[in-house]
Amino acid sequence: MSTEEHRYWMSQTPDIKNLHIGQLILPGSHDAGSDKQAPNLQLPQEITQDVSPHKQVLHGIRALDLRVAFYAEYAPGQAQRFQLFHRTSSGRTVANDILAMLLNFFTDPQAQQEIIVLDFHEFRDFTPQAHEELQALIINTLQSRIIPSDLEALTVGEIWQQHPGQNVVVAYNDYTDNRTFWEGVDQNWSQNNLISTRALKAFMDTAFERYKSHYKLASIQCAKYVLPFFVPDDFTDKIDVWFKSEGQDSYIQTFFIINTDWSTRSQLVKNCQHANHIKGQRLNLYALPN
């Protein structure tokens, strides 16, 4: 599959317009900044992706799981002040590899209807001032690209029509009263890195049994490690079977954001596109007058 085969998949899925952002079934990348092309990562235990966040987005990934470390030794305004990390820094920065990357992606006129979720999920060595600084960096860089949480009740189609050019959701997993940001993504994780594929599937079977509102962002962490070297496992074959989208009763309809390692190896983007088509079409039928 071409790395960029699904670059515009959301705009090419008309029925997706009937869904709220919190209802979308999105392909996500677990530890999005920990890739083989990152400048600092060398230990295989830390590498979870094949390509950069930019290439992940071009591939069709629409939710980036981000863990950010604050480096006070760099002066305010230096990109290295906020770096993406897994166990150690990948050398990728929020300023360049996420925010500037997205601005570049959205210079493409055909990309204007693609919606991307930035899941700022973990923060290391942060102070209250560091949070304020990172939030200001995000807002000042993305500006009118941000879909504020006040718009959570709108459907994708209403956002396309009423707020063209707003296409980035910033979920921030730390307290903030700034309504620019959405609440942190509710990440459903088995709490066991060395879980078997059978046990992981059993955990996922019950992960979303409880109620989730239309507007809450939630993900399943479909990722695990494998011995003897304790490295991120590649079980793409299972992912392609589990999340194959064929109709409204397909297993993928259970989920929302689906975070995987090696996210560009599977058919997840293609299956999410089809699953959103099915889900959006079904909601449209329910909305038709009697």
Side-chain angles (χ1 to χ4, degrees), residues 7-11 20-22 24 26-29 31-33 52-71 74 76-85 90 92-123 126 129-154 156 158-185 215 217 219 257:
R7 187 191 292 209
Y8 313 117
W9 71 265
M10 297 186 82
S11 64
H20 300 287
I21 290 174
L24 294 172
L26 295 179
S29 55
D31 280 310
S52 68
H54 180 216
K55 290 183 179 178
Q56 293 170 37
V57 168
L58 294 180
H59 178 81
I61 297 300
R62 291 295 174 264
L64 302 177
D65 170 30
L66 304 172
R67 292 122 202 279
V68 186
F70 174 61
Y71 290 84
Y74 291 99
Q78 288 187 282
Q80 293 83 359
R81 200 160 161 88
F82 297 102
Q83 299 181 34
L84 301 179
F85 78 95
S90 68
R92 295 202 178 279
T93 68
V94 173
N96 294 334
D97 294 287
I98 302 301
L99 304 180
M101 176 273 290
L102 287 182
L103 291 182
N104 178 63
F105 175 69
F106 286 119
T107 59
D108 183 347
Q110 296 185 72
Q112 299 313 303
Q113 292 184 326
E114 304 302 305
I115 293 176
I116 295 176
V117 175
L118 299 182
D119 175 12
F120 287 95
H121 190 73
E122 187 174 341
F123 304 92
F126 266 66
Q129 293 74 24
H131 279 293
E132 290 179 6
E133 188 177 333
L134 177 58
Q135 290 172 24
L137 173 66
I138 295 168
I139 291 170
N140 293 337
T141 304
L142 295 179
Q143 298 185 28
S144 61
R145 289 288 177 195
I146 297 176
I147 301 171
S149 60
D150 289 340
L151 302 184
E152 65 180 8
L154 297 185
V156 168
E158 289 168 336
I159 290 171
W160 286 349
Q161 184 175 37
Q162 300 172 25
H163 302 275
Q166 291 181 244
N167 31 34
V168 182
V169 170
V170 182
Y172 203 87
N173 195 33
D174 195 89
Y175 173 75
T176 175
D177 58 3
N178 191 324
R179 295 292 294 170
T180 299
F181 302 107
W182 295 47
E183 290 184 11
V185 174
Y215 313 135
L217 298 175
S219 68
I257 297 171

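For clarity, every value in this text was computed on a predicted model and none was experimentally measured.
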task = For the pair Arg7 (side chain) and His59 (backbone), establish whether a donor and an acceptor sit closer than 3.5 Å, ignoring hydrogens and angles.
result = no

Nearest atoms (heavy-atom pairs only) where Ala171 meets Val185 = CB-CG2, 3.8 Å

ask   = Considering all heavy atoms of both residues, which atom of Glu122 and which atom of Arg67 are nearest to each other, and what is their separation?
value = OE1-NH1, 3.1 Å

request  = Give a yes or no on whether the ring-centroid distance for Phe123 and Phe85 is below 6.0 angstrom.
outcome  = no

Smallest separation among heavy atoms of Gln110 and Tyr8, with atom names = O-CD2, 3.3 Å

task = Indicate the atoms forming the closest heavy-atom contact of Ile139 with Ile146, along with that distance.
result = CA-CD1, 4.0 Å

ask   = Is any side-chain heavy atom of Ser52 less than 4.5 Å from a side-chain heavy atom of Met101?
value = no

request  = Check whether the side chains of Gln56 and Ser29 place a donor and an acceptor atom closer than 3.5 Å, and report yes or no.
outcome  = yes

Ring-ring centroid check Phe82 Phe70, cutoff 6.0 Å = yes

Passing candidate, side chain to side chain contact (heavy atoms under 4.5 Å, CB included) with Leu99, options Val94, Thr93, Val170 = Val94

Polar side-chain atom of His163 near backbone of Ile147 as donor-acceptor pair, under 3.5 Å = no

task = Tell me whether the centres of the aromatic rings in Phe105 and His54 are closer together than 6.0 Å.
result = no

inquiry  = Main chain of Gln113, side chain of Asn167: is a donor-acceptor contact present, judged purely on distance under 3.5 Å?
reply    = no

query = Counting distance only, does the side-chain N/O of Gln83 pair as donor-acceptor with the main-chain N or O of Gln80 below 3.5 Å?
reply = yes

ask   = So, Asn178 and Thr180: side-chain donor and acceptor under 3.5 Å apart, yes or no?
value = yes

task = Verify the distance criterion only: is there a donor paired with an acceptor across the side chains of Ser149 and Glu183 at less than 3.5 Å?
result = no

key: Nearest non-hydrogen partners of Pro53 and Ile98, listed with the distance   = CB-CD1, 3.9 Å

ask   = Can Arg81 and Glu133 be counted as an ion pair, charged N to O under 4.0 angstrom?
value = yes

request  = Establish, from distance only, whether the side-chain atoms of Tyr175 and His131 form a donor-acceptor pair under 3.5 Å.
outcome  = no

ask   = Which pair of non-hydrogen atoms, one from Asn104 and one from Thr107, has the smallest distance, and what is that distance?
value = O-OG1, 2.6 Å

message = Parallel, tilted or perpendicular: which one describes the rings of Tyr172 and Phe181, with boundaries at 30° and 60°?
response = tilted

